[in-house]
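We use all heavy atoms of the structure for the numbers below, so side chains are in, but hydrogens, waters and symmetry mates are not.
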Amino acid sequence: MEVLYFAWVRERIGLPKERIETGAETVADLVKDLCAREERYAAAFADLTALRVALDQELSSFDAPLAGVREVAFFPPMTGG
Amino acid sequence: MEVLYFAWVRERIGLPKERIETGAETVADLVKDLCAREERYAAAFADLTALRVALDQELSSFDAPLAGVREVAFFPPMTGG
Amino acid sequence: MRIIVQDAPFDPGEELNSFVAATKGAGAVVTFTGLVRDIASGDLDVMEIEHYPGMTESALNSIATEAQSRWALADVLVIHRYGRLYPQDPIMMVATASRHRKAAFEAAEFLMDYLKSRAPFWKKEITKDGSDWVASKDEDEDVLKRW
Amino acid sequence: MRIIVQDAPFDPGEELNSFVAATKGAGAVVTFTGLVRDIASGDLDVMEIEHYPGMTESALNSIATEAQSRWALADVLVIHRYGRLYPQDPIMMVATASRHRKAAFEAAEFLMDYLKSRAPFWKKEITKDGSDWVASKDEDEDVLKRW
């Protein structure tokens with residue numbers, strides 16, 4: 001699936017998006033997988049309460065299942081307006 | 001004193017303003033004096049709840065004293081905006 | 001603060017842009033523009049707005065000053081026309097600027113609520129069949145209670 | 001309904017005038033314009049706004065559609081910029097048109113409240129000494145409860 005990062009999440013991980021093959025069943029599982037890979041992921045995901053996730057461009061939650069999802073995006077709380 | 005009329009009060013009385021010499025002590029007394037003069041005043045002042053009064057360009061009430069007042073205005077409730 | 005009472009038309013867009021240009025440091029600008037609305041029967045020819053010269057300006061000034069004392073506003077604008085207006089013409093406009101959106105919104109609503117029933121304007125709707133003075137609404141008086 | 005997400009500047013006054021011209025029959029038009037505000041230290045060089053192409057448009061569309069279902073609106077406009085902006089630049093604008101002022105005001109506030117924390121934009125403030133991502137405020141989340 002496509003994984004996208006925005007704002008300081010993008011800066012900490014060091015790239016705006018990547019293709020990831022994963023057997024993770026939920027968003028939380030995917031986060032665990034990523035954190036196990038490299039320090040920069042662990043740094044970005046250190047505090048999940050400071051993060052939001054969207055699945056296929058809809059706000060979702062970290063316990064949501066990933067089945068059928070094509071695009072996951074991680075970002076800090078939005079600051080529009 | 002100067003007495004001004006606006007909107008349908010002006011139309012019923014037939015003029016926008018006039019100079020009136022009166023011994024009336026309150027606005028209500030002045031209204032009584034005017035109504036006694038001619039039918040068109042009685043028609044304009046028939047329902048005081050449908051009228052507002054300003055003394056020297058400040059909203060006031062019918063029981064307000066007229067001492068020292070230079071300008072009295074009668075009009076229907078305002079419809080600005 | 002700028003209070004304008006005039007019979008000439010005004011351009012809401014130009015007013016918004018000048019207002020924005022003049023309000024340094026405010027992050028939030030709210031405007032309300034009131035337009036001449038056609039009547040139910042759809043045949044409004046003209047709206048005639050009468051006002052009380054002198055009292056109008058001082059009433060608008062008091063309302064705007066009261067808004068400035070209640071909210072932290074960088075600026076306030078009130079424009080109101082009188083005379084003959086046609087359907088879709090802008091009748092009036094208020095603008096408020098503040099650091100925060102809540103203050104700008106609340107102050108604009110406050111201005112509108114007071115302007116509706118405390119500024120000495122009266123509207124007459126003229127059709128080819130005759131004319132009617134627009135009646136005030138009880139709710140316009142009621143909304144003042146919330147402030 | 002018109003939703004615009006662009007990096008190019010826009011002219012709030014022109015947008016207001018086009019919006020007014022397009023909204024036949026509505027007596028009340030409310031706008032909110034958000035401007036780049038300088039930071040406390042007074043040395044903001046640039047504000048960089050990042051967004052999530054695709055999700056931004058669909059989020060703004062949902063918010064505007066929700067507003068139209070809750071209030072009787074003749075029209076809704078939402079414009080939001082992204083990219084590099086400078087102090088005093090207009091960041092975004094919403095406009096609502098309705099027969100009645102209450103609906104126009106409420107819908108504009110609703111749009112702003114949701115846009116603040118439900119549209120995928122992130123702001124970064126850049127000074128000559130460095131840069132900071134603007135943090136969301138708890139109160140921006142809290143205000144959603146009133147709707």
Side-chain angles (χ1 to χ4, degrees), chain A residues 1-20 22 26-28 30-31 34 39-81, chain D residues 3 5 32-37 47-63 78-82 85 90-94 108-126 130-144:
Chain A
M1 67 185 57
E2 209 73 39
V3 183
L4 282 67
Y5 310 109
F6 292 98
W8 56 256
V9 183
R10 171 180 55 70
E11 291 179 338
R12 284 193 200 171
I13 291 175
L15 79 182
K17 67 156 113 181
E18 57 187 323
R19 208 170 169 80
I20 287 184
T22 176
T26 66
V27 175
L30 170 62
V31 170
L34 290 169
E39 178 51 32
R40 56 197 171 103
Y41 291 99
F45 290 111
D47 177 11
L48 290 190
T49 66
L51 288 180
R52 300 290 178 269
V53 61
L55 302 183
D56 290 330
Q57 307 193 354
E58 289 273 356
L59 268 186
S60 188
S61 60
F62 285 89
D63 56 5
L66 287 178
V69 169
R70 291 177 315 264
E71 187 172 297
V72 180
F74 294 104
F75 41 77
M78 297 163 269
T79 54
Chain D
I3 308 291
V5 181
F32 178 94
T33 308
L35 309 170
V36 177
R37 208 168 59 185
M47 173 175 276
E48 239 172 54
I49 301 180
E50 182 169 338
H51 79 122
Y52 184 170
M55 181 172 167
T56 307
E57 289 79 359
S58 70
L60 294 179
N61 252 294
S62 314
I63 296 167
V78 179
I79 305 178
H80 206 301
R81 291 186 63 190
Y82 58 88
L85 283 79
I91 302 173
M92 50 74 56
M93 179 172 182
V94 305
E109 285 192 80
F110 171 90
L111 289 169
M112 286 308 304
D113 283 353
Y114 271 85
L115 210 145
K116 276 271 162 188
S117 45
R118 290 290 183 273
F121 291 99
W122 300 275
K123 292 177 186 149
K124 192 181 195 173
E125 290 169 338
I126 301 170
S131 68
D132 273 307
W133 288 99
V134 174
S136 67
K137 295 194 201 82
D138 289 343
E139 65 191 63
D140 283 333
E141 192 63 35
D142 292 344
V143 293
L144 299 188

Should the heavy atoms of other residues, nucleotides or ligands under 6.0 Å from CG of D:Asp138 be counted, would the total exceed 12? no

Relative to chain D, which of A:Gly80, A:Pro76, A:Pro77 shows the most heavy atom pairs under 4.5 Å? A:Gly80

Would the number of heavy atoms belonging to other residues, nucleotides or ligands and lying under 6.0 Å from CD of A:Glu58 be above 12? no

For the student: nearest non-hydrogen atoms of D:Ser58 and A:Gln57, plus distance: OG-O, 4.2 Å

From NZ (D:Lys124) to CH2 (A:Trp8), nearest 0.5 Å: 13.0 Å

Greatest number of heavy atom pairs closer than 4.5 Å to chain A - which of D:Lys123, D:Met112, D:Arg118: D:Lys123

Roughly how far, to the nearest 0.5 Å, is the CD atom of D:Glu50 from the OG1 atom of A:Thr79? 10.0 Å

D:His80 side chain to A:Gly81 main-chain N or O, any donor-acceptor pair under 3.5 Å? yes

One pair to check against side-chain contact (heavy atoms from CB on, under 4.5 Å): A:Met78 and D:Phe121. What are the steps and the verdict? CA-CA 6 Å; A:Met78 297 163 269; D:Phe121 291 99; 5.9 Å; no

Please report the interatomic distance OH(D:Tyr52) to CZ(A:Phe75), rounded to the nearest 0.5 Å. 7.0 Å

Among D:Arg81, D:Glu141, D:His51, D:Met55, which residue has the highest count of heavy-atom pairs closer than 4.5 Å to chain A? D:Met55

Taking D:Trp133 for the side chain and A:Ala7 for the main chain, is one N or O donor matched with an acceptor at less than 3.5 Å? no

Inter-residue atom distance D:Ser117.OG - A:Arg52.CZ, 0.5 Å rounding: 9.0 Å

Answer with side chain, backbone, both or neither: which region of D:Leu115 has an atom nearer than 4.5 Å to a non-hydrogen atom of chain A? both

Among D:Pro120, D:Ala135, D:Gly34, which has the most heavy-atom pairs under 4.5 Å with chain A? D:Pro120

